[in-house]
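Here's the structure we're looking at; comments come further down.
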2 protein chains.
Amino acid sequence: MIRERKPPPSVFDETCSARHALELIASKWTMLILPALAEGPMRNGALLRRIGGISQKMLTQTLKDLERNGLVIREDRQTVPPHVEYRLSEVGRSLSDTLAVLDRWAEQNFLELDAARERFDAR
Amino acid sequence: MIRERKPPPSVFDETCSARHALELIASKWTMLILPALAEGPMRNGALLRRIGGISQKMLTQTLKDLERNGLVIREDRQTVPPHVEYRLSEVGRSLSDTLAVLDRWAEQNFLELDAARERFDAR
DNA sequence: GTCTCTAGTAACCGAAAGGCAAGTACGCAC
DNA sequence: GTGCGTACTTGCCTTTCGGTTACTAGAGAC
């Protein structure tokens with residue numbers, strides 16, 4: 001009897017569902033929204049102000065996707081005018097910690113990248 | 001005399017060049033290529049085999065972008081048939097460490113995301 | 001009655017991502 | 001001569017991304 005051995009889940013395998021998770025993460029808006037929410041629950045308007053350059057459309061769209069995947073919790077108070085609050089779920093928080101590390105990496109190393117690009121383009 | 005205070009570099013500021021660095025990182029191909037190269041220097045063909053689902057075009061394009069920003073070093077042996085090797089720079093390695101953490105996060109948590117998505121769509 | 005305030009949604013459109021197929025260079029084995 | 005092997009490049013085409021504008025509901029202030 002042949003023993004079927006399942007390969008361990010790997011992001012390098014495109015058929016593995018881990019790849020889908022990676023693609024959700026690998027978005028600049030995700031990488032900004034989650035760390036922003038790590039600062040505390042926020043409303044739509046606050047996020048719009050916190051995250052420079054994001055449009056209402058992309059914010060709504062990304063938030064919905066994050067909510068669908070269980071990373072963000074959306075609380076609609078059902079009032080008029082609307083009051084909706086977003087906060088991280090448990091899983092969302094575990095991810096936002098790592099994303100925040102990446103954000104800090106970008107802030108600490110962008111000068112070096114800028115310099116490298118200049119060098120490269122000068123050739 | 002008014003003292004001009006420069007704001008600290010922040011990825012939340014769209015005019016800050018750290019945002020550009022973030023956008024380079026926030027690509028699924030970058031998040032796969034750098035950790036792949038962390039396993040050791042590789043040639044084009046080896047990367048193509050290692051990273052499921054990547055096309056030749058995207059591999060070349062992303063590698064060029066990473067090289068331009070100083071994260072990857074490209075060594076062309078100038079032979080025929082061509083022999084080109086890619087490896088991480090110092091900065092590239094510091095980034096790939098964090099990216100590898102994210103990859104592992106995806107591999108460990110994708111089941112939970114899958115479940116959340118199913119729950120959400122069932123409503 | 002009218003204006004405001006919030007968190008959207010919908011339609012439209014141009015830009016960019018990215019897949020696929022075919023072409024390139026050239027030394028070597030046969 | 002023909003064909004192989006490697007690392008690309010180019011062109012075409014479809015899909016997705018993402019910006020802009022206009023529209024929505026309904027309570028409360030005036």
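Both backbone and side-chain heavy atoms feed into the values below; hydrogens, waters and symmetry mates do not. Just so we're on the same page: letters track the sequence lines, and every chain starts at 1.
A salt bridge links E75(A) to R77(A): one of the charged nitrogens lies within less than 4.0 Å of a carboxylate oxygen. A salt bridge links E39(A) with R50(A): at least one charged nitrogen is closer than 4.0 Å to a carboxylate oxygen. A salt bridge links K28(A) with E23(B); the closest basic N to acidic carboxylate O contact falls under 4.0 Å. Ionic pairing of R19(A) and D13(A) is not present here: no N-O contact between side-chain nitrogen and carboxylate oxygen is shorter than 4.0 angstrom.
Nearer to the 5' terminus of DNA chain D, by closest-nucleotide assignment, is the contact made by A46(B) (compared with the other of Q61(A) and A46(B)).
A straight line from CD of E75(A) to C1' of dT6(C) spans 16 Å, rounded to a whole angstrom. For the pair Q78(B) CD and dA25(C) C1', the computed distance is 13 Å after rounding to whole Å. Regarding N44(A), its CG atom lies at a distance of 5 Å from the P atom of dG8(C), rounded to whole Å. Separating the CG atom of L63(B) from the P atom of dC8(D) is a distance of 8 Å, rounded to the nearest angstrom. Going from atom CG of L47(B) over to atom P of dC8(D) covers 10 Å, rounded to whole Å. Distance CG (L48(A)) to P (dA7(C)): 9 Å, rounded to an integer number of Å. Atom CD1 of I33(A) and atom C1' of dG18(D) are 13 Å apart (whole Å). Atom CE in M42(A) sits roughly 17 Å away from atom P in dT6(C) (whole-Å rounding).
For dT6(D), the OP1/OP2 oxygens have no side-chain nitrogen or oxygen of R43(B) closer than 4.0 Å.
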Self-check item: Sequence-aligned protein contact record of nucleotides 19-27 of chain D, with B where the base is within under 4.0 Å of a protein heavy atom and S where only the sugar-phosphate is
Solution: BB-----BS

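Surrounding CD of E112(A) are at most 12 heavy atoms belonging to other residues, nucleotides or ligands under 6.0 Å away. In the displayed structure, E118(B) atom CD is contacted under 6.0 Å by at most 12 heavy atoms of other residues, nucleotides or ligands.
Among the protein residues, R77(A) comes within range of no part of the nucleic acid, since none of its heavy atoms lies under 4.0 Å from any strand.
Side-chain atoms of S94(B) and E90(B) form no donor-acceptor pair, as typed in the model, at a separation below 3.5 Å.
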